[in-house]
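Worksheet for the structure shown next.
Please read all numbers here as calculations on a predicted model, not as lab measurements. Only this structure's heavy atoms are used, side chains among them; waters, hydrogens and symmetry mates stay out.
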Amino acid sequence: MNRRTLAIITGCNGFTGRYLVSCLRESRGSFDILGMDIHDDPLWDVDIYVKSSLERQFTDTIRTDLENAEKILCFHLAGQIFNQDVDRMRINNLTATRNTLLSLVPYREKTVVLNVGSSAEYGYQGKVKITEDCTPEPVSRYGSCKLLQTQLARDTGHSCGLSVIATRTFNLIGPGQTDRLFCGNLARQIAAYKAREKDRITVGDLSAYRDFLDVRDAVRAYLILVRRGRAGQMYNIASGRMVKTAEVLAMMIDMAGINPGVVHQDKAPGKQQVPYQQGCIEKIRKETGWAASYQLERSLMDMIEHERRSFTDASKEREGA
């Protein structure tokens with residue numbers, strides 16, 4: 001392998017990993033992409049793939065690749081989001097983070113690590129734009145887990161002399177998002193309704209306000225940060241705009257041309273633990289020039305279209321079977 005930049009993506013088979021691979025391919029940089037995940041095979045176009053749960057350090061597995069690289073950029077995306085066993089999720093995420101960082105310490109002179117965290121770490125900060133200086137007060141177990149991961153990444157970077165940049169990324173959306181999250185679930189239900197596989201669309205509490213960010217903007221921010229960000233710093237990755245989830249529902253129903261009467265709300269508005277959340281992006285904007293470019297309407301329409309195609313393709317496969 002020529003001495004080029006080695007881009008390591010942990011959790012490369014995930015939703016964000018797919019878009020990060022595409023972003024690297026489309027950028028002006030010359031990358032050898034090394035993907036790591038727990039699956040047997042890579043889902044996306046990577047140059048090197050390593051099956052790993054990150055339960056141990058990976059230095060021996062890819063030592064030659066690390067030594068031959070002129071520069072190493074590591075995007076640490078790996079981590080469990082949905083796990084009923086919270087203690088196990090915490091242990092797995094912290095272990096994966098620790099092993100990723102320690103694997104790269106011998107190459108610290110040429111390495112930058114981006115640890116991707118979550119806005120869930122902030123919890124509820126009131127009706128204000130959340131800056132990086134706000135004290136994290138997570139209200140969910142997931143948020144607490146991610147906060148521990150962020151602290152571990154930053155502390156390890158500082159103590160080991162490794163350049164670690166951290167993000168707190170707000171609510172990601174985009175084509176192909178899991179239906180376990182709000183917008184992904186709506187897009188999936190809309191496609192199912194249009195395909196006559198559902199007779200109504202079911203939603204829960206729609207009182208929360210959220211800062212939704214297109215995943216394609218997020219991965220562009222990640223690439224910019226490993227090039228221009230400052231080691232040891234925290235950066236919010238957000239749209240900087242806040243919208244009520246009820247408004248998102250109305251927009252998607254209208255875009256799909258569906259009668260609002262088919263929507264059934266199975267949960268009355270209650271007391272949200274985080275009723276409002278909006279990110280301030282002045283820091284990343286001033287230091288790197290990054291800002292979100294995808295309008296919410298475009299992101300939602302792309303999600304609806306993606307799910308429509310998925311249902312159409314599935315229908316064709318069934319007909320051909």
Side-chain angles (χ1 to χ4, degrees), residues 1-80 92-93 95-116 153 157 162-167 169 172 174-178 214-229 231 237 288 290 306:
M1 181 182 293
N2 296 329
R3 291 182 60 81
R4 305 203 304 171
T5 297
L6 180 67
I8 301 173
I9 305 175
T10 68
C12 72
N13 280 348
F15 172 61
T16 303
R18 165 165 58 111
Y19 286 99
L20 181 54
V21 169
S22 295
C23 180
L24 292 172
R25 291 290 185 215
E26 294 169 2
S27 74
R28 296 180 180 179
S30 180
F31 299 103
D32 291 309
I33 303 177
L34 190 156
M36 305 186 78
D37 214 310
I38 61 174
H39 303 288
D40 289 328
D41 298 303
L43 299 180
W44 329 123
D45 176 26
V46 298
D47 299 300
I48 310 161
Y49 183 72
V50 176
K51 179 184 178 181
S52 175
S53 63
L54 297 176
E55 291 182 349
R56 58 184 59 85
Q57 295 182 40
F58 54 73
T59 305
D60 291 339
T61 308
I62 58 172
R63 185 183 301 277
T64 301
D65 301 303
L66 294 170
E67 291 177 349
N68 288 342
E70 181 177 2
K71 189 171 184 177
I72 300 169
L73 304 177
C74 178
F75 302 87
H76 184 44
L77 307 180
Q80 294 182 343
N92 289 347
N93 287 358
T95 299
T97 300
R98 177 180 180 275
N99 287 336
T100 296
L101 294 171
L102 293 183
S103 295
L104 296 170
V105 168
Y107 310 95
R108 55 181 169 264
E109 297 301 325
K110 60 179 181 180
T111 298
V112 176
V113 179
L114 186 77
N115 182 75
V116 177
L162 183 64
S163 294
V164 175
I165 299 169
T167 79
T169 304
L172 290 181
Q177 183 185 45
T178 174
D214 195 292
V215 64
R216 292 165 288 191
D217 277 326
V219 296
R220 185 169 55 85
Y222 298 161
L223 180 55
I224 289 173
L225 280 176
V226 295
R227 288 171 164 171
R228 305 180 199 169
I237 310 297
T288 72
W290 177 88
H306 175 88

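- Between the R228 side chain and the L225 main chain, no donor and acceptor come within less than 3.5 Å of each other.
- The one candidate from T10, T95, I8, N115 that meets the side chain to side chain contact (heavy atoms under 4.5 Å, CB included) condition with T100 is T10.
- For the pair G35 and C12, the tightest heavy-atom approach, listed with the atom from each and the gap, is CA-SG, 3.6 Å.
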> Under the salt bridge (Lys or Arg N to Asp or Glu O under 4.0 Å) criterion, do K51 and D37 qualify, and how do the steps go?
Replying inline: CA-CA 5 Å; K51 179 184 178 181; D37 214 310; over 6 Å; no
>> Walk me through whether E70 and T5 qualify under side-chain contact (heavy atoms from CB on, under 4.5 Å).
In response: CA-CA 6 Å; E70 181 177 2; T5 297; 5.7 Å; no
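- Crowding of R98 atom CZ: a count of heavy atoms from other residues, nucleotides or ligands under 6.0 Å not exceeding 12.
- Pairing each heavy atom of Y107 with each of I72, the nearest pair is CB-CD1, 3.8 Å.
- The existence of a salt bridge linking D47 and R25 is confirmed by a sub-4.0 Å separation between a basic side-chain nitrogen and an acidic carboxylate oxygen.
- Between R216 and P175, the closest heavy-atom pair is NH2-CD, 3.7 Å.
- For the atom pair F15 CZ and T178 OG1, the distance stands at 9.5 Å (nearest 0.5 Å).
- A distance of 9.5 Å separates NE2 of H76 from CG of N99, quoted to the nearest 0.5 Å.
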> Between V21 and I33, does a side-chain contact (heavy atoms from CB on, under 4.5 Å) hold up when you go through it step by step?
Replying inline: CA-CA 8 Å; V21 169; I33 303 177; 4.3 Å; yes
Acceptor/donor pairs from residues 54-64 side chains to any protein atom, 3.5 angstrom cut, sequence neighbours excluded:
| from | atom 1 | to | atom 2 | distance (Å) |
| --- | --- | --- | --- | --- |
| T59 | OG1 | S103 | O | 3.2 |
| D60 | OD1 | R63 | NH2 | 2.3 |

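- Within the 4.5 Å cutoff, the side chain of C74 has heavy atoms near those of the L104 side chain.
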> Does the pair D214 and R220 meet the rule for a salt bridge (Lys or Arg N to Asp or Glu O under 4.0 Å), with working shown?
Replying inline: CA-CA 10 Å; D214 195 292; R220 185 169 55 85; over 6 Å; no
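- Using a 3.5 Å distance cut-off with no hydrogens or angles, the side chains of Y222 and T16 do not pair a donor with an acceptor.
- Residues L24 and L223 are in side-chain contact: their nearest non-hydrogen atoms beyond the backbone lie under 4.5 Å apart.
- R227 and F31 get closest at one heavy-atom pair: NH2-CZ, 3.5 Å.
- Every residue two or more places apart in sequence or in another chain was checked for a side chain to side chain donor-acceptor pair (under 3.5 Å) with K110, and none qualifies.
- Listed for the W290 side chain is no donor-acceptor partner under 3.5 Å among the backbone atoms of I237.
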> L114 and T167: side-chain contact (heavy atoms from CB on, under 4.5 Å), yes or no, with the steps?
Replying inline: CA-CA 8 Å; L114 186 77; T167 79; 3.7 Å; yes
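- In this structure, N13 and L43 approach most closely via the heavy-atom pair OD1-N, 2.9 Å.
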> Between V116 and F75, does a side-chain contact (heavy atoms from CB on, under 4.5 Å) hold up when you go through it step by step?
Replying inline: CA-CA 8 Å; V116 177; F75 302 87; 5.8 Å; no
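- Pairing each heavy atom of M36 with each of L34, the nearest pair is CG-CD2, 3.5 Å.
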